Amino acid sequence: MFNRRQHLQPKVYHLLLYFLENPGRLISREELFKEVWQGRIVEDTALRLAVNILRKALRDNSKSPLYILTACKCGYRFLPEVSVEVAMQKNTATFQTIGFNSQPKAEFEFIEIRQDYDLDWDCC
């Protein structure tokens with residue numbers, strides 16, 4: 001088991017939150033643009049870049065994903081099951097993935113800091 005802190009840009013942070021709120025469900029690119037980018041007109045490359053940054057932060061591999069599966073021309077699926085606990089007094093949220101098969105379990109704690117976000121997570 002190891003601990004590490006990962007700095008995330010705001011859009012990448014919101015993308016991760018949206019994935020954690022919708023585990024196991026195929027999420028279309030259009031839905032991600034609507035929900036994460038709040039309907040702003042952006043190119044597909046913005047989404048692909050955000051997903052790639054998130055994969056790097058999670059140490060995920062697109063060819064054999066543990067967290068984010070790409071459904072070609074359709075969207076993305078966050079693979080692990082997730083349980084959520086929210087601690088409102090500190091403006092933090094804790095998400096715990098429930099590993100299945102050979103997938104790792106991970107716990108994410110989000111701390112809102114100014115315009116950027118830090119991600120603390122434990123993985124076993």
Side-chain angles (χ1 to χ4, degrees):
M1 185 159 130
F2 60 91
N3 298 325
R4 71 183 175 116
R5 178 168 281 228
Q6 181 69 46
H7 177 78
L8 296 177
Q9 299 166 340
K11 282 295 177 225
V12 177
Y13 171 81
H14 290 290
L15 178 63
L16 176 58
L17 287 179
Y18 198 75
F19 280 144
L20 289 169
E21 292 168 351
N22 295 280
R25 187 170 71 78
L26 179 62
I27 305 170
S28 71
R29 295 181 318 231
E30 293 77 16
E31 180 179 347
L32 290 171
F33 288 134
K34 179 182 175 197
E35 298 298 328
V36 177
W37 276 264
Q38 298 159 345
R40 290 187 182 96
I41 298 173
V42 294
E43 295 186 18
D44 284 349
T45 54
L47 176 57
R48 283 195 305 269
L49 179 62
V51 168
N52 287 337
I53 291 169
L54 184 54
R55 279 189 175 128
K56 184 177 179 183
L58 295 173
R59 296 183 181 169
D60 201 13
N61 181 336
S62 63
K63 295 187 192 239
S64 56
L66 297 174
Y67 293 103
I68 302 169
L69 175 72
T70 300
C72 291
K73 309 249 183 202
C74 294
Y76 300 91
R77 183 184 315 266
F78 193 73
L79 296 173
E81 295 178 29
V82 176
S83 66
V84 179
E85 294 178 26
V86 179
M88 296 306 287
Q89 68 273 16
K90 291 185 178 180
N91 202 18
T92 64
T94 300
F95 292 82
Q96 182 176 8
T97 64
I98 304 167
F100 56 94
N101 298 335
S102 62
Q103 293 188 346
K105 294 180 182 177
E107 184 171 300
F108 304 91
E109 183 175 349
F110 301 94
I111 305 165
E112 189 169 344
I113 300 174
R114 284 175 263 144
Q115 293 182 332
D116 292 330
Y117 300 89
D118 288 328
L119 165 67
D120 281 331
W121 63 291
D122 299 326
C123 186
C124 50

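Values in this document were obtained by computation on a predicted structure and should not be read as measured data.
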Report all side-chain donor-acceptor pairs from residues 35-44 shorter than 3.5 Å, counting only partners two or more places apart or in another chain.
| from | atom 1 | to | atom 2 | distance (Å) |
| --- | --- | --- | --- | --- |
| Q38 | OE1 | R40 | NH1 | 3.3 |

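Under the rule for a side chain to side chain contact (heavy atoms under 4.5 Å, CB included), the partners of S28 that lie at least two apart in sequence or sit in another chain are E30, E31. Listed by chain and number, the residues in a side-chain hydrogen bond (donor to acceptor under 3.5 Å, both in side chains) with N22 are R25 (sequence neighbours excluded). When the side chain to side chain contact (heavy atoms under 4.5 Å, CB included) test is applied to L69, the partners found at least two apart in sequence or on another chain are P65, R77, L79. Every residue meeting the side chain to side chain contact (heavy atoms under 4.5 Å, CB included) condition with N61, not counting sequence neighbours, appears here in chain and number order: K63, S64. Taking the side-chain hydrogen bond (donor to acceptor under 3.5 Å, both in side chains) definition, one finds that T70 meets it with R55, sequence neighbours left out.
Criterion: ILVMFWY side-chain heavy atoms under 4.5 Å apart, direct or through other members. Under it, L49 and Y67 are part of a common hydrophobic cluster.
One finds the CG atom of L58 at 12.0 Å from the CD1 atom of I53 (value rounded to the nearest 0.5 Å). Atom CD of Q9 sits about 11.0 Å away from atom CG of L54, to the nearest 0.5 Å. In this structure, the separation between NE2 on H14 and CG on L16 is 11.0 Å, given to the nearest 0.5 Å.
In this structure, A57 and L8 approach most closely via the heavy-atom pair CB-CD2, 3.8 Å. Nearest approach of P80 to P23, heavy atoms of both residues: O-CB, 3.3 Å.
By the 30° and 60° cut-offs, the orientation of the rings of Y76 relative to F19 is perpendicular.
Residue pairs meeting the side chain to side chain donor-acceptor pair (under 3.5 Å) criterion with at least one partner in residues 45-54, sequence neighbours excluded, do not occur; the list is empty.
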